[in-house]
Amino acid sequence: MGGGFEDPPAGALPHCTSQYGDVGTHDTRTGAPRARAVRLWRPLDIAVAPDGSLAVAEADPDRVVAIDGDDPLTVRADMVAGPVDVAFGAQGRCCVTP
């Protein structure tokens, strides 16, 4: 369909960031939101890693953080230039664009 949007695969959970620095997941089965992280500095993009954790591009501290299933936050990479986009390639390698 046009517009660049596709329906997510069956069972996929939508993840979002807010202007207030929150990262959340919406459980489509129960309709319940789940806070995954709060008070991040400008989270701009989210990607789901092959292990199911979330990678979040956080612009102001110039880093990529990971949020695993139990929601602890781990810094995965510190950057020189602020990351804008984060994605995972076919072999599971994390790709970040400034």
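Values below: every heavy atom of this structure, side chains too, minus hydrogens, waters and symmetry copies.
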With sequence neighbours excluded, tell me which residues meet salt bridge (Lys or Arg N to Asp or Glu O under 4.0 Å) with Asp27.
Arg29
Any chance you could lay out the side-chain contact (heavy atoms from CB on, under 4.5 Å) test for Arg34 and Asp71, step after step, and finish with the verdict?
CA-CA 10 Å; Arg34 174 180 170 195; Asp71 301 336; 2.9 Å; yes
Across all chains, not counting sequence neighbours, the side chain to side chain donor-acceptor pair (under 3.5 Å) partners of Ser18 are none
Please go through Trp41's hydrophobic cluster and name the other residues, only I, L, V, M, F, W, Y counting, with side-chain heavy atoms under 4.5 Å joining them.
none
Taking side chain to side chain donor-acceptor pair (under 3.5 Å) as the definition, give me every residue that meets it alongside Asp70, ordered by chain and number, with sequence neighbours left out.
none
Residue list, side chain to side chain contact (heavy atoms under 4.5 Å, CB included) with Ala87, at least two apart or on another chain
none
Can you confirm whether Pro14 sits close enough to Thr28 that some side-chain heavy atom of one is under 4.5 Å from a side-chain heavy atom of the other?
yes
For Pro50, enumerate each residue passing the side chain to side chain contact (heavy atoms under 4.5 Å, CB included) test, keeping only those at least two apart in sequence or located in another chain.
Phe88
Side chain to side chain donor-acceptor pair (under 3.5 Å) partners for Thr25, two or more places apart:
His15, Arg36
Quick one: hydrophobic cluster around Val56, which other residues, with the 4.5 Å side-chain cut-off, linked directly or via members?
Val23, Leu40, Ile46, Val48, Leu54, Val65, Ile67, Leu73, Val75
Between Val96, Val84, Val86, which is the residue that forms a side chain to side chain contact (heavy atoms under 4.5 Å, CB included) with Asp45?
Val86
Residue pairs passing the salt bridge (charged side-chain N to carboxylate O under 4.0 Å, His left out) test where at least one lies in residues 52-61, sequence neighbours excluded:
Arg42-Asp60, Glu58-Arg63
Of the non-hydrogen atoms in Leu44 and Pro83, which two are nearest, and what is the gap between them?
CD1-O, 3.8 Å
Who pairs with Arg76 by salt bridge (Lys or Arg N to Asp or Glu O under 4.0 Å), at least two apart in sequence or on another chain?
none
How would you list, by chain and number, every residue that makes a side chain to side chain contact (heavy atoms under 4.5 Å, CB included) with Cys95, sequence neighbours excluded?
none
To the nearest 0.5 Å, atom OG1 of Thr74 lies from atom CG of Asp68 at 6.5 Å
What pairs of residues pass the side chain to side chain donor-acceptor pair (under 3.5 Å) test when at least one of them lies in residues 81-96, not counting sequence neighbours?
Asp85-Thr97
